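Here's the structure we're looking at; comments come further down.
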Amino acid sequence: MPPVTAPPLGGHALLVLLVQASLLLGAALLLGRIATRFQLPAVSGELLAGILLGPTVLGRLLPGFQHWLRMAEPSQAHLLDAVGQVGVILLVGTTALEIDLALVRRTRRTSLTVGAFGLLIPLGLGCAAGFVAPAALLPADRERALFAFFIGVTMCVSALPVIAKVLSDMRLLHRDIAQLTIAVGVVDDVAGWMLLSVVSATAASGLTFGSVAEPLCMLVLITVCAVLLGRPVVRWLMATARSSQTAMGTATVVIVGCAAATQAIGMEASFGALVGGLLAGAAGAATKNGLAPLRSVTLSVLAPLYFAEAGLRMNLSALDTPLIALAALGALVVATAGKFAGAMLGARVAGLDRRSGLVLGAGMNARGVIQIIVAGIGLRVGVLNTASYTIVVLVAVATSLMAPPVLRRAVLRIEVNDEERARLRRNRDLAGAS
């Protein structure tokens, strides 16, 4: 008997997918460019593209075309979602390529102290907010404790890419406090993905002691395997890459393969992508430079398409309900207060002054792309519904918009020392030589 093969994708389904992708990507790039012209994060414009083409705007103005565009059949919706999932895995992986673990080691006492307070306080406040949230924000048949834990995770994450981009655009990376802010962001980033893996694994099996203990043990096992086995193997693989194209292909296989491995054992695929990116990034500076085209394609094509697709899932009409709108405002207050309180308290414990704590709080409060990815995972595993997903994404955008003006004022009030002046001169000399 001949083997059974899947039928090829139908012509109409392919047409709809191509129209979806071209419209979403085109609108995302256009609105993202407009956002940057107004000194706003590009992700805010990319999300707006999905909102305009989703149920909030297009669904009201042209419901027939919007229905045709998205297609009610799950098989059609899953095609676009699959493209977005590949994009987000590569986005997380390429972001991890830029994480400087050596910087965390150099500032380990301060960064770990501030990172711990900046993680635990918003986590606790977020969990408390989840327990008192309106029932309309909970998916049907979900335990409130699991929902509360997930809300806590969304509140404690920080967006390292947003932090680094803002500091780079402001030309402040030579400052000690900027370097420390990035180091603390690394701590919060890695810890946040670990917590996300635990809660997403728990969502699949229910909230029990075993469902929490098992993913924690898996995290330990993954970490040990990555350090003892993954690091030397990936370093050798990347060293054998003789060209930029081969290096990009190898790094992609590592990132996607690690994502598949964690997904296979019940953990979140994005955590595996983070591990894969860290392993590939540890291969050396030359390897990172060779992977620049991969990051460019991810940031210019796949990431905008993912965030536009994320905007499609938002329904701002939910905010017409006063209780939901009040919950959104409350979530923003809890998120901002938790990060600032945690970072400033951690800074004081670590022996830093109040201004340094304010800078760290402003940087850590930017959730950006990371919280949007977390929200998408929550919707996919059934911990969030459309209303709560919309609120979490709005908090991500709002906190990212807050970061630049607060950082600019806070950093400029800290005096520049001699070491920072010397570092700035070295950076200028290097830039002139290149």
Side-chain angles (χ1 to χ4, degrees), residues 28 31-32 34-52 54 56-57 118 121-123 125-126 129-130 133-134 137 150-163 165-167 169 181 185 188 192 307-308 310-311 313-343 358-376 378-379 384 386-410:
L31 294 177
I34 293 174
T36 56
R37 290 286 181 89
F38 289 93
Q39 297 184 333
L40 300 174
V43 67
S44 59
E46 292 160 2
L47 281 170
L48 180 60
I51 293 173
L52 292 177
T56 303
V57 178
I121 290 181
L123 175 65
L125 289 177
L137 299 181
F150 190 87
I151 293 298
V153 172
T154 66
M155 296 298 177
C156 74
V157 297
S158 294
L160 182 61
V162 174
I163 299 168
K165 182 68 165 56
V166 169
L167 293 173
D169 290 346
T181 302
D188 276 12
F307 292 122
R313 302 177 186 277
M314 296 178 65
N315 191 351
L316 297 183
S317 62
L319 299 179
D320 294 341
T321 305
L323 186 62
I324 303 299
L326 186 62
L329 179 61
L332 179 60
V333 171
V334 169
T336 304
K339 274 297 181 184
F340 270 94
L358 183 62
V359 173
L360 292 168
M364 295 303 98
N365 188 46
R367 271 78 170 188
V369 297
I370 303 302
Q371 192 175 43
I372 295 169
I373 294 172
V374 172
L379 188 64
L384 301 179
T386 302
S388 51
Y389 168 82
T390 300
I391 289 175
V392 172
V393 173
L394 288 175
V395 169
V397 175
T399 53
S400 297
L401 294 177
M402 294 178 190
V406 178
L407 273 173
R408 186 176 293 108
R409 291 188 177 185

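All values below were derived from every heavy atom in this structure, side-chain atoms included, with hydrogens, water molecules and symmetry-related copies excluded. Keep in mind it's a predicted model, so treat the numbers as computed, not measured.
For Gln371 (side chain) and Thr154 (main-chain N/O), a donor-acceptor pair under 3.5 Å exists by modelled atom type.
Considering only heavy atoms from C-beta on, Leu137 comes within 4.5 Å of Ile324 through its side chain.
Taking all atoms of both residues into account, the shortest heavy-atom contact from Ala308 to Ala28 is CB-CB, 4.0 Å. The shortest heavy-atom contact between Val374 and Phe150 is O-CZ, 3.3 Å. Residues Val395 and Leu332 approach most closely at CG2-N, 3.9 Å, considering heavy atoms. Across Pro122 and Gly338, no two heavy atoms sit closer than the pair CD-O, 3.6 Å. Of all the heavy atoms in Leu52 and Val57, the pair that sits closest is O-CB, 3.4 Å. Across Ala328 and Leu319, no two heavy atoms sit closer than the pair CB-CD2, 4.2 Å.
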> Can you list the steps and then say if Val359 with Thr181 is a side-chain contact (heavy atoms from CB on, under 4.5 Å)?
Replying inline: CA-CA 8 Å; Val359 173; Thr181 302; 3.9 Å; yes
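For the atom pair Leu329 CG and Ile391 CD1, the distance stands at 10.5 Å (nearest 0.5 Å). In this structure, OG1 in Thr390 is found 6.0 Å from CG in Leu316, a value given to the nearest 0.5 Å. Separation of atoms CG (Asn365) and OG1 (Thr399) is listed at 5.5 Å; rounding is to 0.5 Å.
Applying the side-chain contact (heavy atoms from CB on, under 4.5 Å) test between Leu125 and each of Val333, Ile151, Val334 identifies Val334 as the sole match.
Within the structure, no pair that satisfies the side-chain hydrogen bond (donor to acceptor under 3.5 Å, both in side chains) test touches residues 322-333, not counting sequence neighbours. The salt bridge (Lys or Arg N to Asp or Glu O under 4.0 Å) contacts involving residues 318-342 comprise Arg60-Asp320, Asp188-Lys339, where partners must be two or more places apart or lie in separate chains.
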